[in-house]
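Hydrogens, waters and symmetry mates play no part in the numbers below; they use all other heavy atoms, side chains included.
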Amino acid sequence: MNRPFRPSRRRILQGAAGVAALGTVPRIAIAQSAPVKIGLILPMTGPFASTGRQISASCKLYMQQHGSTIAGRPVELIIKDDTGVAPETTKRIAQELVVQDKITVLAGFGLTPLAFAAAPVATEAKVPMIVMAAGTQVIPQRSPFIVRSGFTLPQNTAPIALWASQNKLNRVFTLVTDYAPGLDSEKTFVNRFKAAGGTIVESVRTPLKNPDYAPFLQRAKDSKADALFVFVPSGEGLAVMKQFDERGLKQAGMKMIGPGDVVDDDLLPSMGAAAAGVITSMHYSAAHDSPENKAYVAAMMKANPGMRPNFHSVGGWDGMHLIYEALKKEPKGSGEQLVEAMKGMKWTSPRGPMSIDPATRDVVQTVYLRETKMVNGEPWNIEFAKFENVGPGGNI
Ligand code: PHB
């Protein structure tokens with residue numbers, strides 16, 4: 001788990017031979033170039049292990065496809081397991097990566113409390129910290145070295161609030177996980193939905209650790225609301241969907257809506273037909289129809305049989321893009337110079353067009369409305385509308 005990921009010896013030799021053949025850089029210079037060390041802190045075990053699995057897979061694939069050297073410097077991925085929600089562990093690992101491994105960049109961060117815990121380490125060490133997964137809006141404010149490659153909850157919640165208010169869902173019951181991203185999502189939905197004339201029947205919050213969704217879903221059913229708005233972090237969706245199905249909420253005429261975390265592509269195949277009809281807004285679907293995404297999904301599924309890439313995986317992929325492109329611009333750049341190079345960067349991701357807002361160091365991207373539908377016997381999130389250039393605060 002903690003061993004560095006290094007591309008095969010053959011690949012390195014091919015790279016070295018290629019450069020030597022060009023006659024530009026002597027072989028010895030390659031051997032002596034300081035490595036780019038990317039310290040990737042992820043939940044590889046515990047309830048959020050799917051996030052670690054997805055991001056580590058996409059980062060490795062990025063390296064395989066884009067080469068294992070940047071401007072002559074060999075790239076080394078050091079993957080560390082923080083086991084889930086243990087902020088002290090994440091902070092200790094971040095410190096070790098800085099002090100012992102002398103990493104160039106910190107990256108990963110599966111959950112908001114873990115990104116919060118590592119932020120002071122990045123500030124003190126002056127190393128860029130790429131937040132690939134955690135989605136609470138304030139995260140980049142915790143350190144001037146943070147750049148986000150994933151998403152924010154307000155960004156992914158605003159479109160579904162608008163859709164609900166325009167589609168005769170007048171009375172909504174909200175259920176969120178009781179921690180920062182859940183509160184961000186709840187606040188965005190409640191404020192926007194009410195402003196558009198909607199009524200919130202009741203708002204409940206479930207614990208992050210060892211949640212039991214059954215009593216909350218029963219309350220939602222008894223409320224006879226038109227829809228149940230749900231935010232749970234990825235990894236939890238299956239348990240929610242199972243209870244929603246077993247308690248007959250869909251049969252009682254209640255629509256499930258929310259940001260797309262509850263129907264994340266990692267778990268979605270296990271949910272089966274129970275997930276059909278859920279309407280969500282999100283920045284990524286594995287079913288997104290673009291040449292970039294078709295190639296990405298095919299390569300991810302080939303490299304990781306049985307694993308459908310989810311939204312966290314593209315956070316990893318695009319985080320690697322930021323790191324590679326910043327280092328190409330600033331091959332020997334300091335932490336500050338690398339962060340400067342990332343500001344304002346624009347590119348086409350498997351998710352669609354995206355950029356980094358230079359003012360907030362946060363992600364600006366297209367957010368899609370999707371319906372979960374059965375296609376050839378499997379559920380997929382099928383996009384049917386989009387909002388372009390959505391900023392971290394959910395401007396639509
Ligand atoms: C977070 O903790 O910020 C987080 C984790 C998983 C998600 C969304 C947000 O799906």
Side-chain angles (χ1 to χ4, degrees), residues 47-48 50 111-112 135-136 151-165 167 169 171-193 198-208 211-268 270-272 274-283 285 310-311 367 369-372 379 381 394:
F48 304 103
S50 66
L111 289 105
T112 291
T136 303
F151 60 94
T152 75
L153 265 308
Q155 194 169 55
N156 280 340
T157 303
I160 193 66
L162 183 65
W163 184 86
S165 70
N167 285 273
L169 301 179
R171 299 171 66 254
V172 176
F173 186 105
T174 71
L175 180 155
V176 301
T177 303
D178 192 7
Y179 77 130
L183 307 190
D184 243 10
S185 184
E186 182 195 87
K187 191 169 98 194
T188 308
F189 184 81
V190 168
N191 288 349
R192 311 247 175 152
F193 185 63
T199 301
I200 300 294
V201 176
E202 191 178 347
S203 290
V204 296
R205 298 172 182 174
T206 58
L208 176 59
D212 175 8
Y213 299 107
F216 295 103
L217 290 174
Q218 189 58 45
R219 238 156 90 188
K221 186 178 181 194
D222 294 343
S223 79
K224 299 198 165 32
D226 299 321
L228 172 69
F229 170 90
V230 181
F231 165 78
V232 289
S234 52
E236 287 295 320
L238 188 55
V240 173
M241 200 59 74
K242 202 161 172 281
Q243 286 296 328
F244 187 80
D245 193 38
E246 282 175 13
R247 288 180 182 264
L249 277 82
K250 185 158 61 171
Q251 292 77 354
M254 197 173 292
K255 195 109 194 123
M256 187 189 283
I257 59 174
D261 309 70
V262 69
V263 283
D264 102 72
D265 275 301
D266 188 273
L267 286 175
L268 191 55
S270 326
M271 295 180 198
V278 176
I279 309 280
T280 49
S281 48
M282 200 64 171
H283 60 291
S285 165
N310 76 357
F311 62 96
V367 179
L369 283 165
R370 314 98 48 86
E371 176 171 0
T372 310
N381 297 314

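With a 4.5 Å cut-off on side-chain heavy atoms, M282 and D261 count as touching. I160 has its side chain within reach of L369: a pair of non-hydrogen atoms, C-beta onward, lies under 4.5 Å apart. In this structure, the side chains of V278 and F244 stay at 4.5 Å or more apart for every pair of heavy atoms. Using a 4.5 Å cut-off on side-chain heavy atoms (C-beta onward), D245 and M241 make no contact. In this structure, P233 and Y179 have side chains that are in contact, with non-hydrogen atoms separated by less than 4.5 Å. Under the 4.5 Å side-chain criterion, counting only non-hydrogen atoms from C-beta, I279 is in contact with K255.
Across V263 and N381, no two heavy atoms sit closer than the pair O-ND2, 3.0 Å. A pairwise comparison of heavy atoms in L267 and G237 identifies CD1-N, 4.0 Å as the closest pair. Residue R192 comes nearest to A158 through the heavy atom pair NH1-CB, 3.4 Å, listed as atom of the first residue, atom of the second, then distance. Taking both residues in full, the closest heavy atoms of S203 and T174 are given as OG-OG1, 2.8 Å, listed atom of the first, atom of the second, then distance. Looking at every heavy atom in both residues, P259 comes nearest to T157 through CG-OG1, 3.9 Å. Summarising the geometry of G272 relative to P379, their closest heavy-atom pair is O-CG, 3.5 Å, with the distance given to 0.1 Å.
When only modelled atom types and interatomic distance are considered, R171 and T199 share no side-chain donor-acceptor pair under 3.5 Å. In summary, the side chains of T136 and T112 do present a donor paired with an acceptor at a separation below 3.5 Å, with no hydrogens or angles considered.
Partners of D266 by side chain to side chain donor-acceptor pair (under 3.5 Å), not counting sequence neighbours, listed by chain and number: R53, Q54. When the side chain to side chain donor-acceptor pair (under 3.5 Å) test is applied to T152, no partner is found at least two apart in sequence or on another chain.
Separation of atoms CE (M271) and CG (L238) is listed at 5.5 Å; rounding is to 0.5 Å. Rounded to the nearest 0.5 Å, atoms OG (S234) and CG (L111) are 7.5 Å apart. The distance from atom CH2 of W163 to atom OG1 of T280, rounded to the nearest 0.5 Å, is 10.0 Å. Summarising the geometry, atom OH belonging to Y213 is positioned 14.0 Å from atom CZ belonging to R247; distances are rounded to the nearest 0.5 Å. Here L162 contributes atom CG and N167 contributes atom CG; the two are 9.0 Å apart, rounded to the nearest 0.5 Å. A distance of 10.5 Å separates OG1 in T188 from CD in Q155, rounded to the nearest 0.5 Å.
In this pair, H283 and F151 present their aromatic rings parallel. The plane angle is below 30°, not in the 30 to 60° band.
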Practice prompt. Under the side-chain contact (heavy atoms from CB on, under 4.5 Å) rule, what do M256 and V230 come out as? Steps first, then yes or no, please.
Written response: CA-CA 7 Å; M256 187 189 283; V230 181; 4.0 Å; yes
Worksheet item: Q243 and F216: side-chain contact (heavy atoms from CB on, under 4.5 Å), yes or no, with the steps?
Response: CA-CA 10 Å; Q243 286 296 328; F216 295 103; over 6 Å; no
Practice prompt. May I have the step-by-step check of side-chain contact (heavy atoms from CB on, under 4.5 Å) for T177 and E236, ending in yes or no?
Written response: CA-CA 10 Å; T177 303; E236 287 295 320; 5.7 Å; no
Discussion item. As a quick check of understanding, evaluate side-chain contact (heavy atoms from CB on, under 4.5 Å) for E246 and L217, giving each step before the final call.
Written reply: CA-CA 10 Å; E246 282 175 13; L217 290 174; over 6 Å; no
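A ring-ring contact (aromatic ring centres under 6.0 Å, His included) check over residues 221-241, counting only residues at least two apart or in different chains, returns the pairs F189-F229.
Judged by distance alone, the side chain of K221 and the main-chain N or O of M254 form no donor-acceptor pair under 3.5 Å.
The environment of K242 atom NZ is sparse: at most 12 non-hydrogen atoms of other residues, nucleotides or ligands sit within 6.0 angstrom.
Partner S185 forms a side-chain contact (heavy atoms from CB on, under 4.5 Å) with one of L153, V190, V232 and no other, that one being L153.
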